[in-house]
Amino acid sequence: MIPFVDLKAQYRSIKGEIQTALNEVLENTAFVLGPAVAKFEEKFAAYCGVKHCVAVNSGTSALHLAMLAAGVKAGDEVIAPAMTFIATVSAIDYIGAKPVLMDVDPVSYCIDPTRIEERITKNTRAIMPVHLYGQSADMDPILDIARRHNLAVIEDAAQAHGAEYKGRRCGSLGDIAGFSFYPGKNLGAYGEGGAVVTNRDDFAKTVRMLRDWGQEKKGVHVLKAFNYRMEGFQGAVLGVKMNYIEAWTEGRRRAAAVYDRLLKDIPGVVPPRQMGYARHVYHVYGILVKNRDEVARRLQEVGIGTNVHYPNPIHLQPCYAELGRKRGDFPNAERLADEELSLPMYSELTDEQVTQVAAALGTALNA
Ligand SMILES: Cc1ncc(COP(=O)(O)O)c(C=O)c1O
């Protein structure tokens, strides 16, 4: 059996430290925010190469607050890719702004920067690149367009902890960014969690207030806001995990390199491509295959877990019928939805297991 993800293997390797850190939260009774969260914020800001990290209760909350801090208002338009997790677009929606969807690049699978400018109108306020599967979007042209049109760049870095663009960390590239620490993410909490990171002092101050009822100081609410605070237990878990994130990322990259080597000889498989500008962190190792669902079923039969990220692009989701898009509008996003298959990927995956998956994939394709 090779599961798609194995959270237990990682937990076993850090169990003692996690229990000590959780105990400390219990002894302090610092259940909401508190010292463990503050310590984690410092570590994560340094890791991303930014001045500020504000920890919140999910990646979705992080994107929502990033959007508000960047000044996006109801009626504004925000340009986002058609292939992403639904939460990217929900965050735009929460504000009453309008998602303007675009196709993705056929090689990087991230937003295609060459098509952004034609979608800009007088209402456009921001661009929201998603570093999909753990690989950075091509940020230089996006930042250049944003500068010329006075738009904010809000990175959805939910899948991109430690990913890099030309040597700089995802999350530090635009004006502000949101991360998710959902348990299966490369840096995962033991429950829900997220963070906003930014170099902008004013944005960080706003996000800090927005996550905690808009309070400037206790009892003085200067903004209408939210309860999006991170729990102490999650800060403690994430603080421990920060000591290992680089080693775990290298583990994923090692497994990906073995997949790359083995899969290039299997006809009918399109492996992911690490772009020249990128350090890919392989949150998802996604291949493209025809007959994806049949291949997944055959792998399941021999005990290999897979997943699909994502079976429907945003423009074909029933809840976004209001955007008035149809099949054929964004062919690269649609191809991913039809053909993407996520193979097992975690840092504890051994070279032998990767070899087994590759062999089973070859057999499944030839059956
Ligand atoms: C690209 C993307 N954006 C946003 C989110 C939302 O994060 P969360 O599930 O922590 O709310 C996720 C993760 O689920 C994601 O993968």
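Indexing begins at 1, ligand by ligand and atom by atom, following the structure's order.
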Students should be able to answer this: which protein heavy-atom is nearest to [atom], and at what distance?
atom                    : value
atom 3 (N) of ligand 1  : Asp156 OD2, 2.8 Å
atom 9 (O) of ligand 1  : Ser180 OG, 4.0 Å
atom 11 (O) of ligand 1 : Thr60 OG1, 2.5 Å
atom 15 (C) of ligand 1 : Ala158 CB, 3.5 Å
atom 13 (C) of ligand 1 : Lys185 NZ, 2.7 Å

Query raised in the report: Does ligand 1 have an atom that lies less than 4.0 angstrom from a heavy atom of His131?
Result: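 In this structure, His131 fails to qualify as a contact of ligand 1 - no heavy atom is under 4.0 Å.
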**Report entry** Residue-ligand contact Tyr310/ligand 1, heavy atom below 4.0 Å
**Finding:**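 Yes, that is the case, since the closest heavy atom of the residue is under 4.0 Å from the ligand.
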Query - Residue portion contacting ligand 1 (non-hydrogen atoms closer than 4.0 Å) for Leu63 - result: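 Only the side chain of Leu63 comes within reach of ligand 1.
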Query raised in the report: Parallel, tilted or perpendicular: which describes the rings of Tyr133 and His309, with under 30° parallel and over 60° perpendicular?
Result: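 Plane angle over 60°, so perpendicular.
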Requested in this report: Please state whether the rings of Phe181 and Phe44 are parallel, tilted or perpendicular, taking 30° and 60° as the class boundaries.
Outcome: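 Judged by the thresholds at 30° and 60°, the geometry between Phe181 and Phe44 is perpendicular.
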**Report entry** Whether Gln234 side chain and Gly193 backbone form a donor-acceptor pair below 3.5 Å
**Finding:**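 No, because the side chain of Gln234 does not come within donor-acceptor range (under 3.5 Å) of the backbone of Gly193.
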Query raised in the report: Would you say His149's side chain and Thr121's backbone share a donor-acceptor pair under 3.5 angstrom?
Result: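 Here the side-chain-to-backbone pair does not exist.
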Using a 4.0 Å cutoff against the non-hydrogen atoms of [X], which atoms of ligand 1 qualify?
X     : answer
Ala87 : 4 (C), 5 (C), 6 (C)
Gly59 : 7 (O), 8 (P), 10 (O), 11 (O)
Thr84 : 1 (C)

For the residue pair [Y] / [X], report whether a side-chain donor-acceptor contact shorter than 3.5 Å exists.
X      : Y      : value
Asp93  : Tyr320 : yes
Tyr277 : Asp140 : no
Gln135 : Arg279 : no

Query - Heteroatom proximity flag, Gln159 to ligand 1, N/O under 3.5 Å - result: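 Indeed, backbone or side chain, Gln159 has an N or O that close.
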**Report entry** side chain to side chain donor-acceptor pair (under 3.5 Å) evaluation trace for Asn186 with Tyr346
**Finding:** CA-CA 8 Å; Asn186 289 22; Tyr346 30 95; over 6 Å; no
